[in-house]
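The structure under discussion appears below in the form of structure tokens.
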Amino acid sequence: MRLMLLGPPGAGKGTQAESISREFDIPHISTGDIFRENIKQGTELGRKAQSYMNQGLLVPDDLVVDLVKDRLLKEDCVKGFLLDGFPRTIPQADALDAELSKMERKLDRAINIQVKKEVLIERAVGRRVCKSCGAAFHIKFKPSEIDGVCDRCGGELQQRKDDLEETVIKRIEVYLEQTEPLIEYYSQKGILMNIDGEQEIQTVFEDIITGLRG
Ligand code: AP5
Ligand code: MG
Ligand code: ZN
């Protein structure tokens, strides 16, 4: 199955991606996670992406597109994949389409997780991520067992640099301007699936699975 997750910052893409990729045994490809890993490793790509990310802006299309093209050529993508946070602009979506056509493949579904603005801000600002393994928690909605400590690996939890309230607000603006048009884009292709993201994490997951199997 070849899937992509669409939705504003804090909608729950990463949270759902973990369960969906496990359910269908397909790789979870998050461009945000790839950039954060590159920043941590101090690579050239990380250096280029960092200033955009910290301001809540999108990284330029050419940097993102090349990275995803390379990733899709990896062996594990033969059985399918789940894109999280890509494409995020119309040019990125066109580039993905062209690349998949070359491989004689196409996207099966675009899963659009819908959540209103006030909820998004609370989710993003309260999120805590593990410094070591990247697992995400929420101080209110998904607390770790021990405050500040990762349940999965014991690593230290921290706030993402772009999860300060004013940066979250900027990211939402950028989403509305540059990414939201993709809803219409995928609707016209007949592969859009809308999901109510303002429910419990498990209920959102069940709705997605029902939608994909139905
Ligand atoms: P990216 O990392 O993709 O961030 P984002 O799209 O802003 O989305 P988030 O990761 O913030 O939210 P999410 O939807 O994954 O929510 P989560 O599941 O964590 O991108 C970061 C930056 O990288 C971009 O700003 C840009 O600069 C750059 N970038 C990345 N891709 C790019 C691209 N293609 N082009 C250009 N630039 C790109 O959930 C959030 C919180 O809520 C968590 O704490 C979670 O526990 C909690 N939660 C989740 N679901 C629920 C629920 N149902 N109920 C209650 N709480 C919930
Ligand atoms: Mg995410
Ligand atoms: Zn961890």
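One-based numbering, in listed order, for ligands and for the atoms of each.
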Test D97 against every option in K102, K189, K106, Q92 by the side-chain hydrogen bond (donor to acceptor under 3.5 Å, both in side chains) rule and name the one that passes. K189
For atom 45 (C) of ligand 1, what is the nearest protein heavy atom, given as residue, atom name and distance? T15 OG1, 3.7 Å
Shortest protein contact, atom 48 (N) of ligand 1 (heavy atom only): R123 CD, 3.9 Å
For ligand 1, which atoms sit closer than 4.0 Å to a heavy atom of T31? 30 (C), 31 (N), 32 (C), 34 (N)
Protein contact of atom 12 (O) of ligand 1 - nearest heavy atom, named by residue and atom, plus distance: G10 N, 2.8 Å
The Zn ion (ligand 3): angle it makes with SG (C130) and SG (C153), nearest 10 degrees: 100°
Given R171, E200, H138, R88, which has its nearest heavy atom closest to atom 20 (O) of ligand 1? R88
Taking the Zn ion (ligand 3) as the vertex, what is the angle from SG of C133 to SG of C150, given to 10 degrees? 110°
Does some non-hydrogen atom of R36 fall short of 4.0 Å from ligand 1? yes
Look only at the side chain of T203 and the backbone of Q199, and say whether a donor-acceptor pair between them is shorter than 3.5 Å. no
Salt bridge check, D76 against R71: does any charged N sit closer than 4.0 Å to a carboxylate O? yes
Among protein heavy atoms, which lies nearest atom 51 (C) of ligand 1, and at what distance? I201 CG1, 3.4 Å
Any non-hydrogen atom of A124 lying under 4.0 Å from ligand 1? no
Tell me: protein heavy atom nearest atom 10 (O) of ligand 1, and distance? R160 NH1, 3.0 Å
Within a distance under 4.0 Å of any heavy atom of F86, pick out the atoms of ligand 1 and give their elements. 34 (N)
Donor-acceptor pair, distance only, cut-off 3.5 Å: does the side chain of Q55 make one with the backbone of S51? yes
Give a yes/no on ligand 1: does Q199 have at least one heavy atom closer than 4.0 angstrom to it? yes
Relative to the heavy atoms of F141, which atoms of ligand 1 are at a distance of less than 4.0 Å? 55 (C), 56 (N)
Ligand 1 contact by A136, heavy-atom criterion under 4.0 angstrom: no
Identity and separation of the nearest protein heavy atom to atom 15 (O) of ligand 1: G14 N, 2.9 Å
Atoms in ligand 1 with a heavy atom of G85 nearer than 4.0 Å: 31 (N), 32 (C), 33 (C), 34 (N)
Spacing of CD belonging to Q159 relative to CG belonging to L157, to within rounding of 0.5 Å: 11.5 Å
Proximal ligand 1 atoms for L57, defined as those under 4.0 Å from one of its heavy atoms: 26 (C), 27 (O)
Could you check atom 9 (P) of ligand 1 against the protein and tell me its nearest heavy-atom contact, residue, atom and distance included? R127 NH1, 3.4 Å
heavy-atom search around atom 23 (O) of ligand 1 in the protein gives M53 CE, 3.3 Å
